Amino acid sequence: MNDPGALHFWDADLTFARHMGSALAIGSSNAPDGTTTLGIAWDVYLLYGRGDQEIEKPGFWMHQLDVETAPRFDPAVLASRAQEMLRQ
């Protein structure tokens, strides 16, 4: 994403991915390559509202995992929710 307000991080040892997997109640899921991940938040899209303080509680999130705890990734829905949150 090419936006000065967007932050991107690399989590090589999966510390943050495991932490967020637990916070978002992500259990085991099947990756596109057929492997199974255990509670790891990867391919997730997290949106936070202005003033949000807890990284474990995004205002809205989507995923590309085999889980039912949030909506499946849809670019149009994510863009719409991001615009809505920016107006608040």
Side-chain angles (χ1 to χ4, degrees):
M1 174 181 265
N2 186 15
D3 184 290
L7 300 176
H8 303 268
F9 299 95
W10 178 249
D11 184 25
D13 62 1
L14 302 177
T15 300
F16 184 69
R18 285 188 177 92
H19 176 79
M20 289 304 293
S22 176
L24 298 172
I26 296 172
S28 297
S29 64
N30 297 317
D33 66 2
T35 60
T36 300
T37 60
L38 300 174
I40 297 173
W42 60 279
D43 280 348
V44 296
Y45 306 86
L46 311 172
L47 299 179
Y48 296 89
R50 201 175 314 272
D52 284 351
Q53 297 291 314
E54 296 182 60
I55 199 160
E56 295 87 356
K57 297 180 180 179
F60 180 76
W61 70 283
M62 300 183 100
H63 62 85
Q64 294 189 76
L65 303 171
D66 186 21
V67 298
E68 297 179 13
T69 52
R72 187 131 178 95
F73 177 66
D74 179 318
V77 172
L78 186 67
S80 175
R81 289 298 295 264
Q83 289 301 316
E84 178 182 309
M85 291 174 79
L86 286 169
R87 286 190 295 269
Q88 297 176 355

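Just so it is clear, the model here is predicted, and its values are computed rather than measured.
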[X] side, atom [atom1]; [Y] side, atom [atom2] - distance, nearest 0.5 Å:
X   : Y   : atom1 : atom2 : answer
D74 : Q64 : CG    : CD    : 10.5 Å
L47 : E84 : CG    : CD    : 10.0 Å
R50 : Q88 : CZ    : CD    : 9.0 Å

Can you find a pair of side-chain heavy atoms, one from V44 and one from I26, that are under 4.5 Å apart? yes
For [X] and [Y], work out which heavy atoms get closest and say how close.
X   : Y   : result
G59 : M85 : CA-CE, 4.0 Å
L65 : I40 : CD1-O, 4.1 Å
T69 : A25 : CG2-O, 3.3 Å

Only one of Y45, W61, F60 forms a side chain to side chain contact (heavy atoms under 4.5 Å, CB included) with P71, so which one is it? F60
Backbone N/O of [Y] and side chain of [X]: donor-acceptor pair under 3.5 Å:
X   : Y   : result
D52 : E54 : no
Q53 : G51 : yes
R18 : A41 : no
H63 : F73 : no
Y48 : I55 : yes
D11 : F16 : yes

Other residues, nucleotides and ligands only: do more than 12 of their heavy atoms fall within 6.0 Å of CD on E56? yes
Common cluster, L86/V77, ILVMFWY with side-chain heavy-atom separation under 4.5 Å: no
Following the transitive rule for hydrophobic clusters with a side-chain heavy-atom cut-off under 4.5 Å over Ile, Leu, Val, Met, Phe, Trp and Tyr, establish whether M62 and L46 coincide in one cluster. no
